[in-house]
There are 2 protein chains.
Amino acid sequence: MRLTTKGRFAVTAMLDIALYEADKPVTLAGISERQSISLSYLEQLFSRLRKQGLVSSVRGPGGGYRIARAHQEISVSDIITAVDEQIDATQCGGNENCHDEGRCMTHELWASLNSKILDYLSGVSLADMVEMQRKKGAGTVVFAPRKCGSEATIAA
Amino acid sequence: MRLTTKGRFAVTAMLDIALYEADKPVTLAGISERQSISLSYLEQLFSRLRKQGLVSSVRGPGGGYRIARAHQEISVSDIITAVDEQIDATQCGGNENCHDEGRCMTHELWASLNSKILDYLSGVSLADMVEMQRKKGAGTVVFAPRKCGSEATIAA
DNA sequence: TAATAATTGACTAAAACAGTAGGTTATTAT
DNA sequence: ATAATAACCTACTGTTTTAGTCAATTATTA
């Protein structure tokens, strides 16, 4: 997997829906405004999130997006892998430089790091994040995702 | 911190020196050949590694690079942070969007992930990697770092 | 039927990654 | 002394990814 601001945007947007979704689905325009993420960029992200079955869409007036599964059933790693297509599924490329025996020297190190990251992110569900957010913002919740947090770009 | 192939190259190169350094320092030309990393690219990486005090250099014929500290005293995270200058030291930019209270919604998530990654990588020393490598390649050790392992790009 | 809002596709500026090219300086061996 | 070695330094390049824009189409509801 791979962790960039793209993945962060997606997680933030999903959390936004989880918090605001009630009777009505949540519009991208609303998410865009609250989270300061470009509408067109959200559209691209949600195209993927929908194809991966993480959200369902309703067209027309009063339409928008809903979380498609139970909040406990969606992990942060689900969201990230949905928007950040991992190109490098073939571990060592399949051929070229990495012999089946021998591998590259640091292979085990990165493999092990990757599994640690994945373990952590798949252990955090949308439900966890909602709860965390509810606890935190007792009064008015301030949303300001942009440029927040340190730059992260993990590829596992 | 941020994890890319740049960091992987640096770790691979440092491990190469640790394995080959004996009476003589190790030349970049040698590393370049063994690890299939471009010489000029290595020069760039080693400029940083030297400035961070991870390696020491000897000029002229018979010169090259040595590991500057005890192998146990150098962690993988040391190497990576040396070559991948983290721009985003100011956590939330210092101003703009991220209020001191409120922060961005997913702030804690990434902060926590980052510390997990850092914990792991700072727990693995060059000495650990040397030992691992010696155990593995009992006979002939095959080096083939290029494109090996899954693409990784973590920014913490 | 008009407004809403998802859906799609192509296109763009900026940054980072990985690498190249060409030169300068210090040290050693001849 | 001088030639070879190898670190050191600066600037430049092509490709990919990131983040975003623009413009159009389709489905739904008031």
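Just so it is clear: chains get the letters A, B, ... in the order the sequence lines come, proteins before strands, and each one is counted from 1.
- Checked against dC17(C), dA6(C), dG20(D), the side chain of Ser38(A) finds its nearest nucleotide in dG20(D).
- Judged by distance alone, the side chains of Tyr120(A) and Ser112(B) do bring a donor and an acceptor atom under 3.5 Å apart.
- Note that the CD1 atom of Ile74(A) and the CE atom of Met129(A) stand 13.0 Å from one another [nearest 0.5 Å].
- When distances are taken from the side chain of Ser40(A) to each of dC22(D), dT20(C), dC9(D), the shortest belongs to dC22(D).
- Taking side-chain N and O atoms only, Thr27(B) has no distance below 4.0 Å to OP1 or OP2 of dT5(D).
- Counting only heavy atoms from C-beta outward, the side chains of Leu49(B) and Met14(B) approach each other to under 4.5 Å.
- Here the P atom of nucleotide dC22(D) and the CD atom of Gln44(A) are 13 Å apart, to the nearest Å.
- Checked against side-chain hydrogen bond (donor to acceptor under 3.5 Å, both in side chains), Ser75(B) has the following partners two or more places apart in sequence or in another chain: Ser77(B), Asp78(B).
- Per the geometry, OH belonging to Tyr41(A) stands 18 Å off P belonging to dT7(C), to the nearest Å.
- Counting to the nearest Å, the P atom of dT28(D) and the NZ atom of Lys24(A) are 17 Å from each other.
- For Ser40(B), there are no side-chain hydrogen bond (donor to acceptor under 3.5 Å, both in side chains) partners, not counting sequence neighbours.
- When the C1' atom of dA15(C) is taken as reference, atom NZ of Lys6(A) falls 15 Å away, rounded to whole Å.
- Not a single donor-acceptor pair, N or O on each side, falls under 3.5 Å between the base of dT29(D) and the side chain of Arg59(A).
- Taking 4.5 Å as the limit, every side-chain heavy atom of His107(B) sits out of range of all side-chain heavy atoms of Arg8(A).
- For the segment residues 61-69 of chain B, the set of residues with a heavy atom within less than 4.0 Å of an atom of DNA chain D comprises Pro61(B), Gly62(B), Gly63(B), Gly64(B), Tyr65(B), in numerical order.
- In this structure, Leu45(B) places its CG atom 14 Å from P of dC9(D), rounding to the nearest Å.
- Between the CD atom of Glu43(A) and the P atom of dT18(D) there is a distance of 19 Å, given to the nearest Å.
- Counting to the nearest Å, the P atom of dT18(D) and the CZ atom of Phe9(A) are 12 Å from each other.
- Within 6.0 Å of CD in Glu43(A) there are more than 12 heavy atoms belonging to other residues, nucleotides or ligands.
- Distances shown here put a side-chain N or O of Arg50(B) below 4.0 Å from the OP1 or OP2 atom of dC9(D).
- Regarding Leu39(B), its CG atom lies at a distance of 16 Å from the P atom of dG23(C), rounded to whole Å.
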